[in-house]
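Lettering follows sequence order; numbering is per chain, from 1.
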Amino acid sequence: EVQLVQSGTEVKKPGESLKISCKTSGYSFTGFWISWVRQQPGKGLEWMGTIYPGDSDTRYSPSFQGQVTISADKSITTAYLQWSSLKATDTAMYYCGRHGTYPNWFDPWGQGTLVTVSS
Amino acid sequence: DIQMTQSPSSLSASVGDRVTVTCQASQDINTHLNWYQQKPGKAPNLLIYDASNLETGVPSRFSGHGSGTDFTFTISSLQPEDFATYYCQQYENLPLTFGGGTRVEIK
C-alpha cells in the first residue's frame, strides 16, 4: 500500500525557520513525482511545487518560487518543504501528494501538516 | 498559468438529487483534468482522473466528462456521505492549478 505520512503540527513565530516532512512507503520513491499543496484557512488548494526524487529535478509555482525550498532524501524516502523565514501568511495546512511518472493527478495524499505562524 | 473557473462555488441539494459541477479552463487542456473530494479536516481524495476515468474504489454515481476547455462532474444520486467540497485540477501545464472549489451542502 502506498502511504504518505506527514510530520506533525507546528507552531512558530514570524521570522523562524521550519522544515516539514512527508515520509513515503509502499512504492519506488525515486520513480514518482511528489508535490506540495497549500490550503489557507477556509480557502482552496494551491500548488506550490514538485520534485522528482530520482534526480532531484524540482519545479516551483511562480507564486512560491524563492519563498520555499522543496527537497528529498532518497535514503529515507522522504520529501521536505522548508522555509527560512516564516510569515503570518504562511499559516495553513500543507499537503504532500504523489503523482505518476510526471506531475498529473495526486494519489495518494498525505494527511496534512498544520503550520501556525503567530507572534 | 492556466486558470480554472469552477462553478457554482456552492450549492444546496437533497439526498437523491443529481448534482453537476462545471470547470472551465482558460486554454485547451485536452483531457488533463482531475476531480477531488475534500471533507472538513481531511486531505483531498481523488475521484476522477484524466477527465472521465473513475479511480478504483470510487462509487459509480460519480462521473466526469469533457475535453478542451469545458468539463463537468456529476453525482447521479447524492448520498449523505457526499456532502463535501469538490475541486477540479488541470495538469496540461505547470504550474498545476485548481478550481476554486464547489461546496455541496445539505438542503
Checking heavy atoms, do the side chain of B/Glu92, its backbone, both or neither come under 4.5 Å from chain A?
neither
Proximity breakdown for B/Gln90 and chain A, heavy-atom pairs closer than 4.5 Å:
neither
Separation of [Y] [atom2] from [X] [atom1] (nearest 0.5 Å):
X: A/Leu45; Y: B/Gln89; atom1: CG; atom2: CD; result: 9.5 Å
X: B/Asp50; Y: A/Asn104; atom1: CG; atom2: CG; result: 9.0 Å
X: A/Ser61; Y: B/Leu94; atom1: OG; atom2: CG; result: 9.5 Å
X: B/Lys42; Y: A/Tyr95; atom1: NZ; atom2: OH; result: 9.5 Å
X: B/Tyr87; Y: A/Phe106; atom1: OH; atom2: CZ; result: 13.0 Å

Taking the side chain as everything from C-beta on, heavy atoms only, tell me whether B/Tyr91 gets closer than 4.5 Å to A/Pro103.
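SC-SC contact between B/Tyr91 and A/Pro103 ruled out.
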Side chains of A/His99 and B/Leu96: does their closest heavy-atom pair fall under 4.5 Å?
yes
Chain B contact via A/Pro62 - which portion, at a heavy-atom distance below 4.5 Å
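Only the side chain of A/Pro62 comes within 4.5 Å of chain B.
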Which bit of A/Tyr60 comes within less than 4.5 Å of chain B, counting heavy atoms only: side chain, backbone, both or neither?
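Contact with chain B is absent: no heavy atom of A/Tyr60 under 4.5 Å.
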Going only through I, L, V, M, F, W and Y residues with side-chain contacts under 4.5 Å, is there a path from [X] to [Y]?
X: B/Leu46; Y: A/Met93; result: yes
X: A/Tyr80; Y: A/Val115; result: no
X: A/Phe32; Y: A/Trp47; result: no
X: A/Ile51; Y: A/Leu18; result: yes
X: A/Ile76; Y: A/Ile20; result: no

For A/Glu46 against B/Phe98, the heavy-atom pair lying closest together
N-CD1, 4.4 Å
Between A/Trp105 and B/Tyr49, what is the ring plane arrangement, given parallel below 30°, perpendicular above 60°, and tilted in between?
tilted
Counting only heavy atoms from other residues, nucleotides and ligands, does the tally under 6.0 Å from CZ of B/Arg103 exceed 12?
no
